[in-house]
Number of protein chains: 2
Amino acid sequence: MQVTPELLSRFTLLNPLPREALEQLAPHASLVRYARRAVVLRAGVREDNVCFLFEGRLQGVGFTIDGREVGLYFVEPGDFCGELALFDDNPQPEFVIATTAASVVFVARNPLREVMLQNSSVSNIVGRKLAERVRQMTVQRTLLGLSNIPQRVCGQLYLLINEARRKDDSGEIVNPPTHKEIAIMLNLSRETVTRVFQALQSRRIIQRDGPGRLIIADLASLRHFAEGEEEL
Amino acid sequence: MQVTPELLSRFTLLNPLPREALEQLAPHASLVRYARRAVVLRAGVREDNVCFLFEGRLQGVGFTIDGREVGLYFVEPGDFCGELALFDDNPQPEFVIATTAASVVFVARNPLREVMLQNSSVSNIVGRKLAERVRQMTVQRTLLGLSNIPQRVCGQLYLLINEARRKDDSGEIVNPPTHKEIAIMLNLSRETVTRVFQALQSRRIIQRDGPGRLIIADLASLRHFAEGEEEL
DNA sequence: GCCAATTTGTGACCCCGGTCACGTCAAATT
DNA sequence: AATTTGACGTGACCGGGGTCACAAATTGGC
């Protein structure tokens, strides 16, 4: 499906681009809808597109030699993935999978790279985004260092709220990841995540609201557990 | 201590730079020696230098809230760290510590950034390096997904050989990391790493050679264990 | 609105790596 | 040379999370 410059400009990465650059990119962009669980980017192959998420949620996942899934990061609407293709010709290192029905905008790698090189302010933006990804991965890796497992889960939950809306002492996560999706992010079993969620629910800290919404009723307590000031 | 353009050109990142760029950078560079365990870059502060490793070995480490160390990556001679400062003004996310006595070349961030922007081929190089770091972190994270612990250690050892010299069916690691340094890379206890090393030594797969050299006598077997085709 | 497919919930068992407590050893420091 | 420091080695114990095996609930597809 065709894409307008207006649509492109709704992404924070592309928004600062001058009109002409957007018009240059639009012909090389296409909107694609994916069902839940569909593979958006494939590991091991050279990807020729950068993938901008319009709606839904994606997850970067790797696989160990023995077939175990490894969760690497979530992609929220407005963000993007597959940007490594802008920097070199090596294959995409990880899979990207739609964890909910999603619509994504593919932008062909080469035109985007052109725009990036011509427009020096744009390479700044892309570079900043890549740097931000390194920071995110560092935080995520640090989470895995926590030996107290409930603490680890609370920390992840807290990060997920950051990425979504957050009020003073409560918050919500729209289209929350499944327990299994959280589990692979944290090197835990699905059952363990379920048990922590149960504990948090019984303490009225979190609360499910229908299929696509998780309410954080007591953000302060969640942070306490995440920071290890209190044991679950 | 002052630094010559020749010294700068010995780093793979800076080597492709034209002579004039190197002369532009040299006045803003300095060579510093660090003792083992010294802190080279500090987390949480805005770093004004990019750090090129001349000799020795560095390790990027984070700390969890409960004080546990988290190993993120190793820096080998010729490589560099602290490059995120080139992309934004956010603080350095992790500590970088000298795991052996080391000499590093600090290059001031702003001049290097200038060179990078003027010389478009240079931003490519820096961008490629940053992309490479993301790939490394992805591989490292995937290692943590292995539930078989000896396999995890073997995988890490294999990566360390890659970074150093490697022959057909044997190899060596110079200035090998301590067991503890490996342990924090893999979310393991120091004792567990020691036990795996003992097992590998008794099978004549690895062999210590004095303080600063670890010989991989049977690379094929190590790879077998790393790939889970055989259990330790 | 119904059915198949996921997801979530929960108990029991068990293994394995963390922790603790040492001892040994080599290298740096005095 | 004596002392200290930190790395390495090793055993015993134990607790917590993985695994397995289900049941229940929720969801999406038609």
Side-chain angles (χ1 to χ4, degrees), chain A residues 33-38 56-57 59 64 66-70 97-102 144-154 175-202 206-214 231-232, chain B residues 35-38 57 59 64 66-70 97-101 144-154 156 173 175-202 206-214 231-232:
Chain A
R33 294 186 187 282
Y34 284 98
R36 176 171 167 68
R37 311 208 124 225
R57 175 186 265 122
Q59 183 174 31
T64 62
D66 55 335
R68 187 180 300 265
E69 275 184 296
V70 176
I97 288 170
T99 67
T100 70
L144 296 184
L146 292 168
S147 51
N148 181 314
I149 268 59
Q151 191 180 353
R152 210 189 283 179
V153 177
C154 292
N175 285 334
T178 65
H179 294 178
K180 184 173 174 232
E181 284 156 8
I182 294 177
I184 63 172
M185 294 287 291
L186 300 173
N187 259 11
L188 297 175
S189 71
R190 193 268 310 164
E191 290 89 332
T192 298
V193 175
T194 296
R195 284 186 245 267
V196 174
F197 267 64
Q198 286 303 105
L200 290 174
Q201 270 165 357
S202 71
I206 67 176
Q207 184 185 337
R208 301 204 49 173
D209 177 40
R213 226 163 77 98
L214 182 72
E231 293 248 341
L232 239 179
Chain B
R36 176 171 166 70
R37 309 209 124 223
R57 176 185 266 123
Q59 183 175 31
T64 62
D66 55 335
R68 186 180 300 266
E69 274 185 298
V70 175
I97 290 169
T99 67
T100 71
L144 296 184
L146 291 169
S147 50
N148 183 313
I149 266 59
Q151 192 179 354
R152 210 189 284 179
V153 178
C154 292
Q156 178 76 67
I173 304 176
N175 284 333
T178 66
H179 295 179
K180 186 176 175 227
E181 284 155 9
I182 295 176
I184 63 173
M185 294 287 290
L186 299 173
N187 259 11
L188 297 175
S189 72
R190 193 268 311 165
E191 290 89 333
T192 299
V193 174
T194 296
R195 284 186 245 267
V196 174
F197 267 64
Q198 285 304 105
L200 290 174
Q201 270 165 358
S202 72
I206 66 176
Q207 184 185 338
R208 301 204 51 168
D209 176 40
R213 226 163 77 99
L214 184 70
E231 294 247 341
L232 240 181

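Numbered from 1 within each chain, the chains take letters A, B, ... in sequence-line order.
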Compare all side-chain heavy atoms of [X] with those of [Y] and state whether any distance is below 4.5 angstrom.
| X | Y | answer |
| --- | --- | --- |
| A/L188 | A/R152 | yes |
| A/D66 | B/L146 | yes |
| B/S189 | B/T194 | no |

Practice item. Assign each of A/R36 and A/Q198 to its nearest nucleotide of DNA chain C by heavy atoms, then name whichever residue's nucleotide is nearer the 5' end. Key: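 On the 5' side of the pair lies A/R36.
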
Taking atom [atom2] of [N] as reference, at what distance in whole Å does atom [atom1] of [X] sit?
| X | N | atom1 | atom2 | value |
| --- | --- | --- | --- | --- |
| B/L200 | D/dG9 | CG | C1' | 15 Å |
| B/L214 | D/dA7 | CG | C1' | 14 Å |
| A/F197 | D/dG17 | CZ | P | 16 Å |
| B/I149 | D/dG17 | CD1 | C1' | 12 Å |
| B/R68 | C/dG17 | CZ | P | 15 Å |
| A/N148 | D/dG17 | CG | C1' | 12 Å |

Practice item. List for me each residue that meets ring pair (Phe, Tyr, Trp, His ring centres under 6.0 Å) alongside B/F197, sequence neighbours excluded, and say none if there are none. Key: B/H179

So, for [X] and [Y], which heavy atoms are closest and what is the spacing to 0.1 Å?
| X | Y | result |
| --- | --- | --- |
| A/S147 | A/I149 | O-CD1, 3.1 Å |
| B/I182 | B/P177 | CG1-CB, 3.9 Å |
| A/G56 | A/T100 | CA-OG1, 3.2 Å |

Can you tabulate the close N/O pairs, meaning under 3.5 Å, that link protein atoms to atoms of nucleotides 20-23 of chain C?
unit_1: C/dC20; atom_1: N4; unit_2: B/E191; atom_2: OE2; d: 3.2

Practice item. Please list residues of residues 177-188 of chain A whose heavy atoms come under 4.0 Å from any atom in DNA chain D, ordered by number; otherwise none. Key: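 Of all residues in residues 177-188 of chain A, the ones placing a heavy atom under 4.0 Å from DNA chain D are A/N187, A/L188.
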
Review point. Of the candidate nucleotides C/dT8, D/dG9, C/dT19, which contains the atom at the shortest distance from the side chain of B/Q201?
Key: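 Per side-chain heavy atoms of B/Q201, the pick is D/dG9.
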
Review point. A/T194 has a side chain; which of C/dT10, D/dT19, D/dG9 sits nearest to it?
Key: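 Among the listed nucleotides, the one closest to the side chain of A/T194 is C/dT10.
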
**Study point:** Atom pair CG (B/N187) and CG (B/L144), whose distance is rounded to the nearest 0.5 Å
**Key:**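 B/N187 atom CG to B/L144 atom CG measures 5.5 Å (nearest 0.5 Å).
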
Point to revise | Touch class at under 4.0 angstrom, heavy-atom based, for A/T192 against every strand present | key: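 A/T192: backbone/sugar contact only, no base atoms under 4.0 Å.
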
Exercise for review: Indicate, with a heavy-atom threshold strictly under 4.0 Å, whether A/R152 touches base, sugar-phosphate, or nothing.
Suggested key: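 It contacts nothing in the nucleic acid.
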
**Study point:** D/dG28 phosphate, OP1 or OP2, under 4.0 Å from A/R37 side-chain N/O
**Key:** no

Point to revise | Main-chain N/O of B/V153 paired to B/Q156 side chain as donor or acceptor, under 3.5 Å | key: no

